There are 4 protein chains.
Amino acid sequence: MNSFGRNFRITSFGESHGKALGVVIDGCPPGLTIAGADIQPFLDRRRPGKGPLESPRKEPDRVEILSGLFRGRTTGAPLALMVENRDVREEDYDELEGIFRPGHADYTWQAKYGIRDHRGGGRSSGRETVARVAAGAVAARILAGKGIKITGRILEIHGKRDPDAMAREIEAARDEGDSVGGIAEVLVSGCPPGLGDPVFGKLDALLAHALMGIGAVKGVEIGEGFAAARMKGSKHNDAMTRAGFATNHAGGILGGISTGQEIVARIAVKPTPSIAKTQRTVNRKGEEVSVSIRGRHDPCIVPRILPVAEAMVALVILDEFLEQAKYREPAKSGAGGRG
Amino acid sequence: MNSFGRNFRITSFGESHGKALGVVIDGCPPGLTIAGADIQPFLDRRRPGKGPLESPRKEPDRVEILSGLFRGRTTGAPLALMVENRDVREEDYDELEGIFRPGHADYTWQAKYGIRDHRGGGRSSGRETVARVAAGAVAARILAGKGIKITGRILEIHGKRDPDAMAREIEAARDEGDSVGGIAEVLVSGCPPGLGDPVFGKLDALLAHALMGIGAVKGVEIGEGFAAARMKGSKHNDAMTRAGFATNHAGGILGGISTGQEIVARIAVKPTPSIAKTQRTVNRKGEEVSVSIRGRHDPCIVPRILPVAEAMVALVILDEFLEQAKYREPAKSGAGGRG
Amino acid sequence: MNSFGRNFRITSFGESHGKALGVVIDGCPPGLTIAGADIQPFLDRRRPGKGPLESPRKEPDRVEILSGLFRGRTTGAPLALMVENRDVREEDYDELEGIFRPGHADYTWQAKYGIRDHRGGGRSSGRETVARVAAGAVAARILAGKGIKITGRILEIHGKRDPDAMAREIEAARDEGDSVGGIAEVLVSGCPPGLGDPVFGKLDALLAHALMGIGAVKGVEIGEGFAAARMKGSKHNDAMTRAGFATNHAGGILGGISTGQEIVARIAVKPTPSIAKTQRTVNRKGEEVSVSIRGRHDPCIVPRILPVAEAMVALVILDEFLEQAKYREPAKSGAGGRG
Amino acid sequence: MNSFGRNFRITSFGESHGKALGVVIDGCPPGLTIAGADIQPFLDRRRPGKGPLESPRKEPDRVEILSGLFRGRTTGAPLALMVENRDVREEDYDELEGIFRPGHADYTWQAKYGIRDHRGGGRSSGRETVARVAAGAVAARILAGKGIKITGRILEIHGKRDPDAMAREIEAARDEGDSVGGIAEVLVSGCPPGLGDPVFGKLDALLAHALMGIGAVKGVEIGEGFAAARMKGSKHNDAMTRAGFATNHAGGILGGISTGQEIVARIAVKPTPSIAKTQRTVNRKGEEVSVSIRGRHDPCIVPRILPVAEAMVALVILDEFLEQAKYREPAKSGAGGRG
């Protein structure tokens with residue numbers, strides 16, 4: 001389960017303090033022009049150390065394309081993308097080795113596997129999302145060629161909706177040695193109708209899987225989402241007219257299939273679990289200990305999760321776009337074509 | 001994508017007005033004692049026509065086990081479960097044939113497949129969930145044998161949290177020819193730590209997939225869910241003590257892996273899209289028409305979705321329980337064993 | 001693993017002496033006209049009891065389509081096909097209950113699952129292939145619409161290649177209470193170039209999987225097959241000319257991808273393991289016993305395996321045909337289309 | 001379909017003349033001690049340039065482990081293994097760019113994808129098997145810990161079974177500018193009974209898939225294989241005694257499930273398609289041309305395929321071993337365990 005998707009299928013590898021992170025993309029359509037320079041801006045948006053409110057870990061996050069290209073174009077072979085870890089400080093984590101940090105996967109990973117790479121969270125680190133963002137950049141490029149665009153925005157930080165107020169909340173949290181969460185939204189425009197499967201592969205179910213699969217995300221909603229639970233049917237239903245849908249309470253998906261309208265997904269992000277404030281926890285021996293986490297962490301992870309969420313949405317939309325190809329009228333001249 | 005799960009894998013078939021609905025369960029552990037009588041109560045909870053606030057469609061929903069049993073026990077072969085459709089009234093839908101009902105999959109199914117069974121929503125009918133509930137009943141039985149229990153409850157109907165007030169909201173909606181939605185919660189107790197995969201197969205991501213894949217569900221949250229977005233890290237993190245976790249804001253899942261605490265998932269359910277009130281829409285020719293849906297529908301679908309949500313959660317938990325078996329110490333005497 | 005295929009995905013259920021056998025087809029293209037009458041002839045070819053050299057079990061094998069059709073056409077929803085078991089004689093197997101029949105899955109099923117339905121071999125009976133043939137009939141119909149045709153023929157029975165001599169070998173085996181095997185060939189004509197994936201999903205690998213997955217098949221070869229091991233490269237390579245390939249030693253597949261030529265696959269079928277001749281074996285208690293199997297069995301299974309092999313080949317070819325659709329130029333007007 | 005396996009799942013990437021080849025292993029059990037030095041000997045066996053009868057391409061094939069290890073042990077995170085391409089001579093292939101080499105995937109890859117990396121066969125090069133051998137080495141190590149051993153041997157080269165005669169056949173072919181094929185066998189000892197699924201996931205079907213998926217393999221057989229087609233049931237059936245099976249005609253698999261005996265699989269390998277002798281073919285424009293392939297090629301590929309075949313068998317056996325874990329009695333103390 002380090003793979004995601006069925007047509008544009010990605011397999012991710014790497015951990016916070018290993019040699020490299022990377023992703024293998026299987027099912028990338030042939031003939032696509034792509035270079036590291038097309039992927040790099042997406043990684044740069046996700047990269048730490050860009051501002052005073054972000055983790056000061058200095059990672060250039062330079063992507064290298066190991067395979068799958070011939071003269072700059074994809075061939076149908078898997079694209080392997082790799083990013084080396086550079087600013088690795090194992091010693092930052094020495095004192096945390098035997099300790100289960102609250103709000104982290106430390107205890108559960110140990111319970112599952114019986115062995116744990118404690119350095120920066122190992123595989124369960126947010127650094128793993130480098131792979132997702134790199135793959136999502138390729139997906140976004142293909143989708144852009146089809147007129148489909150994915151954009152994200154922050155709606156709320158610690159309950160505040162004004163940008164200045166949001167920044168103040170993050171600063172205040174940092175100063176207190178604490179952290180805050182928030183809500184973000186991802187929008188898909190230009191998506192044709194017909195994507196998604198009507199039963200277990202509903203487009204909204206796939207998006208929920210993709211988004212809830214990002215660390216720190218605790219809730220996902222589509223269209224009106226939880227607000228729909230307080231609406232009446234006569235209000236929530238989107239009337240149709242000759243000109244199309246009159247409203248978009250559904251968020252661009254009906255019965256699990258895209259309507260052709262804008263797709264609207266929102267995520268709830270919990271406050272960063274790594275905080276400087278002293279917390280109670282236990283170590284592997286079961287002894288109670290206090291812990292104050294002074295590594296390189298963001299007091300609010302929402303801004304850095306945004307490109308990850310966009311990437312996951314891009315992966316889902318492209319995957320379903322390719323799936324839907326099966327229902328297109330087959331070319332007359334056979335399966336292949338010499339292109 | 002009419003299949004769900006990787007170890008306890010179900011494949012569902014059937015539509016609202018076809019001959020039968022059913023499910024094939026692949027991966028059911030051998031040696032389990034099971035009979036139709038063990039599954040029937042689950043279907044009875046989901047069944048329509050039980051009260052004045054539910055669709056009056058009269059379906060006995062008798063489950064028949066077609067395969068997979070030998071002297072009342074499972075053999076490792078697939079279990080096929082079938083429920084015949086009896087109270088089929090195609091004529092109820094004659095006038096709706098060419099019309100795209102607002103809030104339904106009518107338009108999107110047509111856009112996807114170019115052909116549509118309009119009778120009762122065809123495959124996109126809620127009646128498809130008979131298959132899920134039947135399979136979930138088998139899963140719940142296996143989980144019960146391991147001390148794992150799934151329970152659901154309604155938290156809110158149209159904004160009301162008091163049971164009497166909830167009932168009044170539903171009655172009022174029915175009387176107005178309208179409908180209401182609500183919020184429900186599913187809890188898992190007795191779940192061991194270690195279930196779920198840390199990256200794309202996070203337990204919360206799988207639950208989100210499973211629950212958002214139920215028609216009418218527009219939001220899913222785990223633990224504090226959207227409320228976490230307004231909390232500070234020092235509040236949201238669950239401290240650990242010698243006696244275990246002090247709180248359960250996380251909802252029983254950390255880093256995508258179960259903690260051993262109660263798992264808490266909530267869903268937002270939209271108001272039933274089929275309402276008697278007149279709505280504007282278009283037909284297949286693109287002409288604007290008015291529609292009032294007078295078939296057999298529930299003014300509030302939350303109570304009938306509850307057993308479906310429990311079933312989906314049971315399927316996910318069992319699937320991951322079996323997955324986790326790979327990490328158990330292998331039996332000394334070889335893979336098989338004569339049991 | 002009771003499912004096969006990734007695009008046209010079938011899930012099979014049922015055992016020799018259960019209520020019914022069946023198959024759910026997921027991914028059947030919408031808009032296909034199909035009825036039981038289109039499937040029945042395929043089942044009739046596979047059916048037992050047609051001649052003196054076949055098992056006298058009398059099964060009408062009437063297929064019933066439970067779901068997936070609307071006014072005789074597929075809708076994109078799963079097709080569920082069911083065949084009831086009628087001529088079930090459990091008592092024939094009473095004395096075999098605790099005995100591991102040589103050449104059968106009795107011992108291994110017991111070792112795997114710890115419980116075994118001994119009646120007619122249960123799930124490991126050749127009767128399970130009813131499901132494959134029914135699904136293969138649907139696949140063959142779709143392929144026929146694309147000009148692709150699957151045909152099979154018997155090449156050899158017990159070393160004899162003349163039809164009369166083959167029949168004599170079978171009769172002689174029957175009279176001795178013994179059985180014989182043989183070699184059969186399946187040909188695919190009209191297959192476009194480009195089907196199959198170049199690495200693990202090679203078309204020949206998928207065919208090998210499909211064909212070796214039929215009970216009693218012990219070998220699979222493509223094109224020259226084992227004879228290629230004794231040829232030189234200059235002889236085995238198929239030269240290309242303006243008019244196409246000059247020869248077809250490769251059997252229509254190069255590098256795992258179809259060439260557009262006829263695809264040629266051959267299977268080696270072992271002699272039927274159920275024989276009247278006395279054999280030594282053990283029972284579940286580990287005691288040595290003699291066994292003479294006097295149920296209803298074919299002295300040579302090759303003729304009845306032929307339609308199964310054709311069905312499996314049809315499933316593979318269609319699956320890859322749909323897979324290849326992803327590389328077709330996408331329709332200009334979006335994913336859907338109102339058809 | 002650059003992935004293989006469902007529990008120990010590998011994803012391969014890279015091409016003959018790209019930057020690197022590699023493989024990501026998902027599902028590797030945690031706690032395994034492994035280092036590059038454990039994998040290197042397997043790659044060295046496969047490596048070219050070791051003798052006068054092999055391609056003189058000089059590749060050190062040094063494996064690097066990019067992820068998945070903590071202090072030398074696996075953690076449950078994906079293992080990514082990489083081998084850089086060093087001795088890349090693009091210019092060797094310049095004159096072949098537009099030409100479809102007979103017996104190669106050139107024409108079919110072009111037909112499938114419409115674009116082709118002609119340098120050394122690109123992704124369809126035998127060099128891709130570096131990834132398989134590296135992953136197979138990890139699998140073999142795990143299996144060895146369970147007492148399961150995979151060994152291969154060459155049975156026949158160009159019809160000769162004596163080692164000296166085999167070598168002479170290869171030399172003669174090389175001197176003629178031609179090539180020869182042969183037959184190899186892979187044996188699995190120590191495999192417990194119970195591995196494999198009885199229907200589509202038969203152990204022999206999975207082995208056939210794995211082995212036929214190696215380039216140049218044109219036939220696969222199990223146990224007696226094609227010889228079984230000429231045997232009688234009374235001869236082919238393996239009698240059972242108190243001491244176990246009396247014979248092993250079945251090749252260690254009955255009904256698709258391992259018997260606990262030695263597993264015996266054989267493959268037919270075609271003569272290397274790259275030969276110096278002049279051959280007729282066409283180029284992309286459809287013009288007839290002559291071609292003589294003077295790159296760095298083996299006159300007989302069987303010796304270098306052997307470690308690949310062993311690797312594929314190891315992958316299948318381990319995958320099914322882990323699958324079978326689901327049927328083991330669950331540990332009493334919950335899913336996890338602190339190991």
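We name chains A, B, ... by the order of the sequence lines, and we start the count at 1 in each one. Values in this document were obtained by computation on a predicted structure and should not be read as measured data.
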Once you round to the nearest 0.5 Å, how far does [atom1] of [X] lie from [atom2] of [Y]?
| X | Y | atom1 | atom2 | answer |
| --- | --- | --- | --- | --- |
| A:Arg280 | B:Thr241 | CZ | OG1 | 6.5 Å |
| A:Arg101 | B:Asn237 | CZ | CG | 10.5 Å |
| B:Ser179 | A:Lys232 | OG | NZ | 9.0 Å |
| B:His209 | A:Leu206 | NE2 | CG | 5.0 Å |
| A:Phe200 | B:Glu128 | CZ | CD | 5.5 Å |

Determine whether a donor-acceptor pair (N or O, by modelled atom type, separation under 3.5 Å) exists between the side chain of [X] and the backbone of [Y].
| X | Y | answer |
| --- | --- | --- |
| B:Lys202 | A:Ile214 | no |
| B:His236 | A:Pro271 | no |
| B:Thr108 | A:Ser258 | no |

request  = Please report the shortest heavy-atom distance between A:Ile253 and B:Lys218, naming the atom on each side.
outcome  =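 A:Ile253 and B:Lys218 have their closest heavy atoms at O-NZ, 3.8 Å.
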* Specify the closest pair of heavy atoms between A:Asp197 and B:Met1, including all atoms of both residues, with the distance to one decimal. =>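 Residues A:Asp197 and B:Met1, closest heavy atoms: OD2-CB, 2.7 Å.
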Name all residues meeting the side-chain hydrogen bond (donor to acceptor under 3.5 Å, both in side chains) criterion together with A:Arg266; count only those two or more places apart in sequence or in a different chain, and write none if there are none.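 Applying side-chain hydrogen bond (donor to acceptor under 3.5 Å, both in side chains) to A:Arg266 gives A:Glu185, A:Glu221.
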| message | Using the rule given for side-chain contact (heavy atoms from CB on, under 4.5 Å), can you reason through A:Tyr107 versus B:Met240, listing the C-alpha separation, both sets of side-chain angles and the distance that settles it, and then say yes or no? | response | CA-CA 10 Å; A:Tyr107 169 76; B:Met240 295 189 77; 3.8 Å; yes
> salt bridge (charged side-chain N to carboxylate O under 4.0 Å, His left out): which pairs involve residues 237-255 of chain B, sequence neighbours left out?
Replying inline: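 Sorted pair list comes back empty.
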Applying a heavy-atom distance below 4.5 Å, give me the residues of residues 243-252 of chain B that approach chain A, sorted by number.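 Answer by number: B:Phe245, B:Ala246, B:Ala250.
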Non-neighbouring partners of A:Lys235 that pass salt bridge (Lys or Arg N to Asp or Glu O under 4.0 Å), sequence neighbours left out =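 Scan of A:Lys235 (salt bridge (Lys or Arg N to Asp or Glu O under 4.0 Å), adjacent residues dropped) gives none.
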Requested in this report: Counting only heavy atoms closer than 4.5 Å, note whether A:Val282 contacts chain B via side chain, backbone, both or neither.
Outcome: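 Both backbone and side chain.
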